[in-house]
2 protein chains.
Amino acid sequence: MSVKPKKRGRPFNSSKQLSNSIILKCAKSMLEEEGKIPAIRGLAAKLNVDAMAIYHYFANKNALLEAIASSLVTEIYEPKNDRPWKTEIYSLCYSYLKLLKDYNGLLETMLSSTCFGPSNVFTEKFSQITDTLGLSPATAITARDLLVDYLHGFAFAMQLNKRDGEIELEMIKGPINLYFGALEKYN
Amino acid sequence: MSVKPKKRGRPFNSSKQLSNSIILKCAKSMLEEEGKIPAIRGLAAKLNVDAMAIYHYFANKNALLEAIASSLVTEIYEPKNDRPWKTEIYSLCYSYLKLLKDYNGLLETMLSSTCFGPSNVFTEKFSQITDTLGLSPATAITARDLLVDYLHGFAFAMQLNKRDGEIELEMIKGPINLYFGALEKYN
DNA sequence: ATTATTAATTCTACATTGTAGAATTAATAA
DNA sequence: TTATTAATTCTACAATGTAGAATTAATAAT
């Protein structure tokens, strides 16, 4: 039942060292598999390391979560500019929600951290697409706010799994199309 | 520093008894004042009672939170039917968000509980208004989903206070008007 | 009246969390 | 060789929700 106590103090160089990225990778895989943010102790156990070792690499749990979040920006759709704007925005939204679904529990981190993360990237890429639409700056911002908050609301519901059974990402199609209708009036 | 230990066991009838509604009232006022859900111990302290006494009236913390949520349905705007639909929907949204702002932290409870609460009431009243618009049933549902998730996303951001400084409820005006634009195409 | 049951309460205790701070040991610099 | 720094484990604490037992009064049964 009990595990042999590990030797204390700094380990020999021969043994592979813990690192920022090893922790990140493990945390991400646990997040994916368990569908929720792991406890530090759990993460440490999986890394076969004491919980406090993690604090040598991250100031606190939130810093770790922010690091995870910002490592995910690459998973967001990159607009191509050779497809209709509706398709582009839909793909962008879909990839954003996919991320929030696959890494359940990160929504709060993403929204409360001011630093570089998927939310900012989403916003940037959205603007990049709407720039081609000739909206007024004010309208563009309004459109962005409506969409972003809608997606976060959807993601939040997904996180809580309120709707019957699985929440499918495709469920955004209807609302997004309605949203497109609104945008069309302004371009 | 320390308080005199209270007498154990069932108290005399003369002393005013704890009750469901006393607990609720106190919890609501703490929620309002502190801007976050109180810990059971904190609530108990304010009631000058042991923490476990609360569990005589509520099965667990979540049951208490659900009770709070469902006690708030009265604060949601009651559509009048003698004002334009946009005004009605705006008032409805505003009152819903006001509630979510005043009782910060309840969003999750409201969305995860299937029982009677502000979310259901909102949805009902929204349908009541859109029934006068002659939308197809499918469109009505889509419109509801877009709006509800938008509001929840907004509320979530409010809860985390992401935006600079205070988040004002009036910030929904732009997005809501854009949304109205979308609805107009269907009626 | 006495006794048994039920109701309202406090107490003690546990598991789970994040994480501060000290101790330990190896690597590296002086 | 010694001093310093780095990487780690250990111990411990505060906060949380809450299970379960003990206690006492009210009420029901006899």
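Each chain gets a letter, A, B and so on, in the order its sequence line appears, and its residues count up from 1.
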Subject >> Atom-pair distance (CG on A/Leu47; P on D/dT8), nearest Å >> reply: 11 Å
Original post:
Expressed in angstrom and rounded to an integer, what is the separation of A/Asn20 atom CG from D/dA7 atom P?
Top reply: 11 Å
Original post:
Can you tell me if the side-chain N/O atoms of B/Asn13 get under 4.0 Å from OP1 or OP2 in D/dT27?
Top reply: yes
Original post:
Among C/dT24, D/dT23, C/dT9, which nucleotide sits nearest the side chain of A/Arg8?
Top reply: C/dT24
Original post:
Would A/Glu184 and A/Lys86 satisfy salt bridge (charged side-chain N to carboxylate O under 4.0 Å, His left out), going step by step from the backbone distance to the final call?
Top reply: CA-CA 10 Å; A/Glu184 275 169 342; A/Lys86 289 183 183 178; 2.5 Å; yes
**OP:** State whether the number of non-hydrogen atoms from other residues, nucleotides or ligands found under 6.0 Å of A/Lys80 atom NZ is greater than 12.
**Re:** yes
Original post:
The side chain of B/Met52 lies closest to which of these nucleotides: D/dA19, C/dT6, D/dA7?
Top reply: D/dA19
Original post:
When we call it a touch if two heavy atoms are under 4.0 Å apart, what does A/Tyr57 touch: a base, just sugar-phosphate, or nothing?
Top reply: sugar-phosphate
Original post:
Between atom CD1 in A/Ile37 and atom P in C/dT17, what is the gap in whole Å?
Top reply: 13 Å
Subject >> A/Lys98 atom NZ: more than 12 heavy-atom contacts under 6.0 Å >> reply: no
Original post:
Pick the nucleotide of DNA chain D nearest each of A/Arg41 and B/Pro11; which residue has the one closer to the 5' end?
Top reply: A/Arg41
Original post:
Has the side chain of A/Lys125 got a donor or acceptor atom that lies under 3.5 Å from a matching backbone atom of A/Pro79?
Top reply: no
Subject >> 5' priority, DNA chain C, between A/Tyr55 and B/Lys16 [closest heavy atom] >> reply: B/Lys16
Original post:
Crowded around A/Lys185 NZ? As in, over 12 foreign heavy atoms under 6.0 Å?
Top reply: yes
Original post:
Hey, are B/Asn62 and B/Glu66 close enough side-chain-wise for a donor-acceptor pair under 3.5 Å?
Top reply: yes
Original post:
Which nucleotide sits closest to the side chain of B/Arg10: D/dT8, D/dA25, D/dT9?
Top reply: D/dA25
**OP:** Report the distance from atom CG of B/Leu18 to atom P of C/dA7, rounded to the nearest whole Å.
**Re:** 16 Å
Original post:
How long is the line joining CD1 of A/Ile40 and C1' of C/dT16, in whole Å?
Top reply: 13 Å
Original post:
Side-chain heavy atoms under 4.5 angstrom apart, residues restricted to Ile, Leu, Val, Met, Phe, Trp, Tyr: same cluster for A/Phe116 and A/Leu92?
Top reply: yes
**OP:** Round to the nearest Å and state the distance from A/Lys36 atom NZ to C/dT16 atom C1'.
**Re:** 11 Å
Original post:
To the nearest angstrom, how far is A/Lys6 atom NZ from C/dA26 atom P?
Top reply: 14 Å
**OP:** Give one of base, sugar-phosphate or nothing for A/Ala39, where a contact means two heavy atoms less than 4.0 Å apart.
**Re:** sugar-phosphate
Original post:
In what stems does DNA chain D take part, counting only runs of at least 3 consecutive Watson-Crick or G-U pairs whose two distances fall under 3.5 Å?
Top reply: C:1-30 with D:1-30
Original post:
A/His56 NE2 to C/dA20 C1': how many Å, rounded?
Top reply: 16 Å
**OP:** Measure from the side chain of A/Lys7, starting at C-beta and using heavy atoms only, and say which of C/dT25, D/dT8, D/dA12 lies closest.
**Re:** C/dT25
